[in-house]
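Whatever order the structure lists them in is the order used to number ligands and atoms, beginning at 1. Both backbone and side-chain heavy atoms feed into the values below; hydrogens, waters and symmetry mates do not.
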Amino acid sequence: MMAQYLALKAEAQDCLLFYRMGDFFELFFDDAKVAAACLDIALTARGEHDGEKVAMCGVPAHAAESYLARLIKAGHRVAIADQIEMPEEAKKRAGSKALVGRAIVRVVTAGTLTEEALLDSRAANWCVAIGEAAGGIALAAADISTGLFEVIETDRQSLSAEIARLAPAEIVAAEDSDAAVLATTLRPRGEFDSASGEARLKKLHGVATLDGFGQFSRAGLAAAGGLVAYLDHTARGSLPFLRPPVCSRTDACMAIDAATRESLELTQSVQGARAGSLLGAVDRTVSGAGARLLAQDIAAPLMNRESVEARLDCVQRLHDDPGLRDATRATLRALPDIGRALGRLAAGRGSPRDLGQLRDGLDGAWQLGERLEGIADCPPLLADLAPRLRGHGALIDLLRRALVPDPPVDTDKGGYIAEGFDAALDDLRRTGAGGRRAIAALEAKYRDETGINALKVRHNAVLGYHIEVPSRHGDKLMQPDSGFTHRQTLAGVVRFNSPELHETALKVTQAGVHALAAEAAHLEGLTATALDSREAIAATADALARIDVAAALAERAAEGGWTRPALVDHACFEVSGGRHPVVEAALAKSGERFVANDCILSENSRLWLVTGPNMGGKSTFLRQNALIAVLAQAGSYVPAAQATLGLVDRLFSRVGASDNLARGRSTFMVEMVETAAILAQATPRSFVILDEVGRGTSTYDGLAIAWAVVEAIHEDNRCRCLFATHYHELTRLAERCDALSLHHVRAREWKGDLVLLHEVADGPADRSYGLAVARLAGMAPATVNRAKAVLARLEAGREKTGGLAAGLDDLPLFAAMTEPEAEEGDALRDALEALDVDSLSPREALDKLYALKALANK
Ligand code: ADP
Ligand code: MG
């Protein structure tokens, strides 16, 4: 056995090996130690190997899923070695001592899951491969739980943003490739070859050319090929469900890099949860598929205005018609997740319950389709989706006839095929039922004949059906002429058989076995029939998800009084009465009101410098406008009274380091790297928010950097930008930068207390209110008074010297672009450089040292 184990373990490489033994999966050696610690189960020892005790632990096979889930969550991968023959077969093959054949039937990894228990129903589960060829780079992404398959043509600069968008569970790349550093899983180089990738795709989808799916670059083919090869590897030859690849380009979506996603908390809050994120505040979907699609939409706002408008038309139709919206949502809420059910069936891990879900889901879709096709003023996208909801009539009909209303997950006990579907099966069931009745009759008869009221006919796995009496009655039935054969004596009971019972029982058992086999055959046939229309079913699932998203956004808009954004081509950004959906919701919980604010940017007023006290609402204002851009291009209404927006090609958000201390990196460095990326990438169509950039370093450095960044954005990038700062000195930039304007969040001191109005107004803040904020924050009065005294001194000093920004008035515009100053000559350095140490005698060396010292003292 050890030899077989070790061979399988060698094949499993760095995966934990689940080795099937009877009803358990066992783990040995280091695997056992790792799993026992992770799963908190007992570690035992068994036998010896190379003179050492073998560590071992195990999990029951029937509950393996939940253990797998925990191992996968903890970042492990698991290879499952199952028995591939019955013990009888093994004996027939190699004698009574034969070892049952085992093989790795599947490798379970985070990116290749289909099990309900292992997946989040409201999030997609992407496995991504990176392909490189001919100098290009591309991604292939698959969610095999639903069959989604995407090939994304990208470039090196956008790669990490694209990966951040997908937030993959697993990233695969070729060994020794440049992309290997990004990968969680490395595979042989040969699997990422573009020619064989193309061949693999053609074979997978049974086509002679891929033209029908789109134009793939060689890198795209390499990525797709590598991904398919990997999925094939993990599924051990039975490739999971993959729909035809959808080809997309990075520039089809608003570019949002990882840092921006994180700082805007688009789909995850800083704590990593959905709650507290934009997605969490917007999501009113009623189905798992809808929730998954909405997450994708928000992660990838579109660049194509027609597509955005098409989505918005749907949202508006459902927004304006509450009756239709409610009815649609009620229908969708009741439907099972047919996309995931299909994924399990296609992966060979389907159950009768999955077929039942298809039946109910497709039936509900049909009804919804009928209702939507009948509505007046149907927007084109909805009119396009509605027919996809219908068209599975024959399959629904078949499944309705074939399955019981509520089919089980387990097939062991049968009973999932409906009565009347198969006459032969019904016969077998009748025979079985008849037999069971006959057995009950036998029991009554034996009680009568023997006069033993406590006599029972029982069933267990070892003896099958048998007669059981309490020990004190045992002797009576032991008589040779009793007609009973003794089988077993236990502590309190004696067990017997009888020819009649044996015969009847045989009938029952046989009928049962045959019935189970008949049901299993039907399950297989029905699954195959359903899979014949997998593409169409997947399209129906997509349509349901899209409708759920539209209805959910309509619901959210109605709930919050949101408005439909008007999208235009020029680079404006006009929002009146804008709000931050997450902050607003948080405030609403404590009964507070959010103060709506306007933000009006245009080509000649594209940079707003926002000043004002801490806690005044600067960060909130910046973010709410970035979020409004995201929502609008995702096809949603926006939290504002009115919004006219020019499409945003790239969105950037940077937050000054000290707001970000929790990240625990060299924050100032990170801040500078990220800010540099904006200056390098932002275009006149981009939207940038910079929140106190420069605050992570000393005052002078920080001010200087902030100053230079504002200048560069204003002159070079010429993008729309909101810049929050506490450097009042920056307001002087308004004099030189004509597209820059000054704004502040209002505050007032009222009877010695600071009142933050959260209102954005024109002009610079009159003062910083820092001390008032300190008092508001509960700082001891003595300390605040001391600070007041210090401030008075500082301010007096400023009067005299002209303050922190003194001298900036003389700074030529864009001093940053002037040549770096040449370093002054340094005699000491020159003398040292001229020195040939090896050629010096000790005496000469000493002389030189004196000379150098003299030079230094000059
Ligand atoms: P700043 O960046 O100026 O320090 P924040 O934007 O972080 O201020 O806002 C601080 C707090 O003020 C928020 O957590 C929120 O509770 C409240 N706030 C911000 N903006 C508004 C607003 N428009 N209406 C109501 N409350 C607001
Ligand atoms: Mg702030």
Given Lys618, Arg593, Gln624, which has its nearest heavy atom closest to atom 1 (P) of ligand 1?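 Going through Lys618, Arg593, Gln624 one by one, Lys618 has the nearest heavy atom to atom 1 (P) of ligand 1.
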
Would one find an N or O of [X], backbone or side chain, under 3.5 Å from an N or O of ligand 1?
{"X": "Phe594", "value": "no"}
{"X": "Val745", "value": "no"}
{"X": "Val583", "value": "no"}

Taken to the nearest 0.5 Å, the spacing of Glu674 CD from Leu690 CG works out to 11.0 Å

Value rounded to 0.5 Å, distance of CZ in Arg732 from CH2 in Trp707: 6.5 Å

Can [X] and [Y] be counted as having a side-chain donor-acceptor contact under 3.5 angstrom?
{"X": "Thr154", "Y": "Arg249", "value": "no"}
{"X": "Gln642", "Y": "Thr644", "value": "yes"}
{"X": "Asp598", "Y": "Ser576", "value": "no"}

In terms of atom number and element, which parts of ligand 1 are under 4.0 angstrom from non-hydrogen atoms of [X]?
{"X": "Leu587", "result": "16 (O), 25 (C), 26 (N)"}
{"X": "Asn614", "result": "4 (O)"}
{"X": "Pro613", "result": "3 (O)"}
{"X": "Gly617", "result": "1 (P), 3 (O), 5 (P), 6 (O), 8 (O), 9 (O), 19 (C), 20 (N)"}

Count the heavy atoms of every other residue, nucleotide or ligand shown that sit under 6.0 Å from CZ of Arg786, and state whether that count exceeds 12.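 No, because the 6.0 Å sphere around CZ of Arg786 holds 12 heavy atoms or fewer from other groups.
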
Confirm or rule out an N/O/S atom of Thr620, from backbone or side chain, lying less than 2.8 Å from the Mg ion (ligand 2). no

Side chain to side chain contact (heavy atoms under 4.5 Å, CB included) with Asp548: which of Leu293, Leu332, Leu553?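 Between Asp548 and the candidates, side chain to side chain contact (heavy atoms under 4.5 Å, CB included) is satisfied uniquely by Leu332.
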
